[in-house]
Amino acid sequence: MAHEHDTASSDEVYDFAAIQRKWQPVWEELRPFRSGDPADKRPRKYILDMFPYPSGDLHMGHAEAYALGDVIARYWRQQGFNVMHPIGWDSFGLPAENAAIKRGIDPRGWTYDNIDQQKRSMKLYAASFDWDRELHTSDPEYYKWNQWLFLQMYKKGLAYRKDSWVNWDPVDQTVLANEQVLPDGTSERSGAVVVKKKLTQWYLRITDYADRLLDDLNQLEGRWPSKVLSMQRNWIGRSIGADVEFEIEGRDERVTVFTTRPDTLWGATFMVVAPDSDLAAELAAGSTDAVQERFADYLAEVQKSTEMERQSTDRPKTGIDLGRVAINPVTGERMPVWAADYVLADYGHGAVMAVPAHDQRDLDFARAFDLPIRVVVDVNAPVTGVIPVIGLDENGDPILPDEPDPLDPARTGVALAGEGRLMNSGPLDGLSKANAIKKVVELLEADGRGRAARNYRLRDWLISRQRYWGTPIPIIHGADGTEHPVPEDQLPVLLPDAAGLDLKPKGTSPLGAADAWVNVPNPVDGSPARRDADTMDTFVDSSWYWLRFLNPNDDEKAFDPREAEKWAPVDQYVGGVTHAILHLLYARFITKVLFDLGYLSFTEPFTALLNQGMVQMDGSAMSKSKGNLVRLSDQLEQHGVDAVRLTMAFAGPPEDDIDWADVSPVGSAKFLARAWRVAKDVTSSPDVQWKTGDPALRRVTHRFLADAPGLIEAFKFNVVVARLMELVNATRKAIDSGPGPADAAVREAAEVTAMALNLFAPYTAEDMWARLGYPPSVALAQWRKADSTLLIEETVVAVVQVDGKVRDRLEISPTIAADQLEDLARASAAVQRAVGDRGIVNVVVRAPRIVSISTRG
RNA sequence: GCCCCCGUAGCCCAACCGGCAGAGGCAGGCGACUUAAAAUCGCUUCAGUCAGGGUUCGAAUCCCUGCGGGGGCACCA
């Protein structure tokens with residue numbers, strides 16, 4: 001009893017652990033996924049998975065992403081392509097630094113230890129990566145080129161420093177992210193009231209590219225998820241309108257405001273400036289002492305409020321009168337100038353013309369402070385000319401709304417944002433909105449008081465981080481405040497050793513305390529100077545890593561434009577929707593910059609994008625605190641790599657979230673065992689003639705071969721798996737109760753199953769392939785061509801509908817002529833019964849599928 | 001407030017250009033094998049497509065309205 005399984009091979013059972021142990025070293029030896037052979041003549045495909053941040057070990061989210069990306073990479077390899085499918089590590093960033101601070105260790109060691117662990121897991125997971133191209137963004141060999149890129153942008157004026165307001169914790173002496181500030185305005189760490197502080201920060205001028213970033217999204221239509229496209233469009237947030245200049249009494253320079261409704265200029269009754277803008281400070285300074293005092297108090301109040309408070313829309317309006325006067329450029333009216341925090345300093349010009357009758361925010365403000373409201377658009381007379389009436393009088397004439405106008409915004413508190421005819425607007429009277437905008441822009445331009453303009457929600461990209469574990473910014477500051485780029489031949493500016501540095505956040509970079517590192521001679525005259533101590537946002541690293549994969553070990557240049565010509569842009573990018581905005585926007589921006597600099601011949605980095613959903617448990621995101629964490633390592637141990645991967649692919653459309661409670665890795669494992677047994681049961685040898693095989697099973701096999709490629713290319717992986725199950729079921733039936741295990745069609749089906757299963761379950765597929773008599777690797781087996789003669793059915797069933805109901809089914813030839821089919825349908829007894837004596841009025845024939853007969857007109 | 005996506009068996013999901021609502025799985029039921037159970041194998045129940053209206057010979061599919069769920073942006077002038 002004890003040793004039966006050692007001797008009788010037919011008793012062998014599917015043992016995923018043994019199969020994994022068997023094939024992993026074989027692949028390690030064979031390295032079937034290398035893509036760097038210059039003599040390789042196959043056409044190329046660049047399939048890229050978003051590279052991971054190395055924190056701890058792989059989790060379920062990684063498992064899903066890499067399972068799906070691998071289906072695509074393996075598929076194109078089987079279609080005869082030289083597939084580049086690289087992997088690397090996004091290994092700079094805060095988690096490493098926080099862990100280092102907590103445990104008093106070096107972030108470098110923590111990071112590279114994690115990478116070791118994750119790399120082992122990744123290899124077990126058997127994603128078909130080309131490990132020859134592995135890179136780490138925290139290696140000097142990588143971040144040197146971040147610095148190079150920064151310098152190229154600096155030279156072009158695309159990298160610059162400016163002062164900006166940041167959240168400042170006065171107790172911890174540190175900058176806080178918005179997320180670290182609690183809704184009551186205190187620090188989540190120290191409990192201190194957070195204030196705004198002006199700091200000098202590095203920015204990249206992404207707003208210069210706003211139009212291109214927006215307009216080029218059109219090229220990606222249909223190839224990127226529409227959700228991502230709309231998120232990017234929202235984020236860039238282009239508004240079309242006009243800049244209008246207002247004179248200010250007692251000030252030489254005019255104040256410019258941006259508005260999307262220049263047509264309502266006659267209705268502008270006051271001006272509002274952002275309290276935290278330079279303009280507000282200057283206007284206040286030119287006012288009375290009382291105003292200056294009130295302004296100082298108000299500004300302090302505003303700066304105490306958090307981003308979250310400030311952006312909540314249902315907050316009562318606050319503000320103060322600055323005691324200054326603006327002149328409406330078209331009416332010549334004197335308008336008060338207010339400071340209020342509903343106007344943002346960093347959008348437009350930090351000042352607005354308030355048109356309370358037609359803008360809800362301005363109306364709320366006007367009603368709160370008793371400012372004048374003037375209606376200049378008659379929404380009762382919209383462009384269509386239809387005037388809503390209350391009723392008809394005894395003569396049948398329309399009764400118009402009584403005075404006062406029931407829509408009067410001053411009374412209703414509802415701004416009239418709709419379209420209508422202009423009124424109270426001098427030369428604009430009677431015009432529609434579109435024509436009025438055109439006209440007023442012409443008038444302003446002629447007068448030199450305004451022009452058409454556009455604005456963006458998008459802000460410049462703040463890349464300074466006052467932290468240690470990132471790319472040092474390659475700038476040297478002279479004692480006199482001058483900036484000097486580090487000469488390119490002196491790159492990289494290496495991160496100093498963390499030993500001896502206090503990495504705790506304190507508002508200035510820990511690098512500033514590395515005396516030996518930070519103090520350098522001025523490159524111009526050798527006088528004492530200091531290195532810039534900030535490090536770069538890690539989104540800089542990930543904005544171009546896909547180019548570094550082309551030749552990750554090149555120490556002459558960031559990437560090779562000739563290789564980029566061959567491989568780039570990325571044919572298929574795969575990753576989570578969490579990066580739908582920032583990472584993708586930054587990568588698109590850097591691509592356009594590199595195009596402008598002449599390094600690239602294309603302007604979009606990722607031709608196609610697939611977003612996988614998230615893995616959840618019991619309806620919500622997995623987390624330790626919720627107690628619904630599913631550990632990938634446990635799943636792999638219980639069900640095996642292949643079952644987990646297959647489950648990820650089979651769970652549903654890739655972009656949908658997977659609830660692990662809804663799916664069945666046990667079911668996947670059962671299916672894999674079933675497929676594996678089919679291969680084990682095949683008794684014929686590899687040299688059988690396919691043609692001799694059972695035609696029914698062959699038809700199932702070849703329908704699968706014909707349909708699967710289209711399904712894969714449409715990312716319908718779940719459907720392909722279902723079709724594979726169908727194929728395995730049919731093969732099982734053929735073995736047990738059909739032509740038997742020696743039939744050529746059974747072998748053919750088993751081989752096709754192994755070949756296709758390689759996409760989802762590479763270990764099982766490889767073992768099946770070996771049992772069927774072939775050397776590794778099945779991953780290199782080419783996709784079999786479907787035999788088209790087997791796809792044609794001998795007979796098909798046509799349905800006959802009478803008045804939309806199916807009344808008969810006819811077994812016919814697929815090539816039947818329409819009139820012949822109609823005759824058959826008319827002759828059907830069931831159809832005649834259904835038609836009865838009503839008579840046929842119409843017949844629609846779609847041979848060979850359907851005949852539709854109607855009996856009523 | 002503005003914009004987008006999705007509602008199909010108990011559950012996860014299929015359904016081509018508008019043409020028989022079901023490919024596959026989970027769960028359930030019955031049976032075979034077994035002393036029994038597990039595993040395996042076979043058979044099998046289950047919806048008329050969220051609701052209402054429209055277009056059409058014909059609608060899960062296209063259009064409109066509503067309900068429900070999810071997402072993005074939001075004091076952005």
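Chain letters run A, B, ... following the sequence lines, proteins first and then strands; every chain starts at 1.
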Q.
From CZ of Phe650(A) over to C1' of C13(B), roughly how many Å is that when rounded to an integer?
A. 8 Å
Q | Minimum-distance nucleotide to Ser239(A) side chain [options: A77(B), U40(B), C13(B)] | A | A77(B)
Q) Can you tell me how far P in C11(B) sits from the matching atom in U56(B), rounded to whole Å? A) 35 Å
Q) Do any side-chain nitrogens or oxygens of Asn729(A) fall under 4.0 Å of OP1 or OP2 in G25(B)? A) yes
Q: Could you tell me whether Ile581(A) contacts a base, only the sugar-phosphate backbone, or nothing, with contacts defined as non-hydrogen atoms closer than 4.0 Å?
A: sugar-phosphate
**Q.** Between C1' of A39(B) and OH of Tyr14(A), the distance in whole Å
**A.** 15 Å
Q. Please give, in whole Å, the distance from C12(B) P to Asp618(A) CG?
A. 13 Å
Q: Measure from the side chain of Ser852(A), starting at C-beta and using heavy atoms only, and say which of A14(B), G19(B), G71(B) lies closest.
A: G19(B)
Q. Between Trp461(A) and Tyr586(A), does the ring centre distance come in under 6.0 Å?
A. yes
(Q) Under 4.0 Å, counting only non-hydrogen atoms across every strand here, what does Arg459(A) touch: a base, just sugar-phosphate, or nothing? (A) base
Q: State which of C75(B), A77(B), C26(B) makes the closest approach to the side chain of Ser664(A).
A: C26(B)
(Q) Could you check whether the side chain of Ser230(A) and the base of C4(B) have a donor-acceptor pair of N or O atoms closer than 3.5 Å, going by distance alone? (A) no
Q | Rounded distance in Å - CZ (Arg233(A)) to P (C4(B)) | A | 11 Å
Q) Only one of Asp681(A), Thr701(A), Val682(A) clears side-chain contact (heavy atoms from CB on, under 4.5 Å) with Val746(A); which? A) Val682(A)
Q: For the pair Asp243(A) and Arg254(A), find out whether any cationic side-chain nitrogen is under 4.0 Å from an anionic carboxylate oxygen.
A: no
Q. To the nearest angstrom, how far is Glu726(A) atom CD from G25(B) atom C1'?
A. 13 Å
Q) OP1 or OP2 of U40(B) sitting under 4.0 Å from any side-chain N/O of Lys680(A)? A) no
Q) Hey, is the side chain of Lys716(A) poking within less than 4.0 Å of OP1 or OP2 on A15(B), counting only N and O atoms? A) yes
(Q) Whole angstroms only, please: what is the CZ-P distance between Arg674(A) and C41(B)? (A) 5 Å
(Q) If I take atom CG in residue Asp657(A) and atom C1' in nucleotide G69(B), what distance separates them, rounded to the nearest angstrom? (A) 13 Å
(Q) So Asn234(A), base contact, sugar-phosphate only, or nothing? Heavy-atom distance under 4.0 Å. (A) base
Q) Donor-acceptor pair, Asn455(A) side chain versus Ser239(A) backbone, under 3.5 Å? A) no
Q: Test Phe671(A) against Leu757(A) for side chain to side chain contact (heavy atoms under 4.5 Å, CB included), laying out the working first.
A: CA-CA 11 Å; Phe671(A) 165 69; Leu757(A) 209 50; 4.0 Å; yes
**Q.** Nucleotide nearest Asp662(A) when distance is taken to its side chain, options C11(B), C41(B), A15(B)
**A.** C11(B)
Q) Whole Å only: how far is the CD atom of Gln360(A) from the C1' atom of A77(B)? A) 13 Å
Q: Considering only atom P, compute the distance from C4(B) to U65(B) and round it to an integer number of Å.
A: 12 Å
Q. For Lys733(A), what residues pass the side chain to side chain contact (heavy atoms under 4.5 Å, CB included) criterion, not counting sequence neighbours?
A. Ser737(A)
Q | Sugar-phosphate, base or nothing in reach of Gln801(A), heavy atoms under 4.0 Å | A | base
Q.
On RNA chain B, compare the nucleotides closest to Asp736(A) and Met231(A); which residue's is nearer the 5' end?
A. Asp736(A)
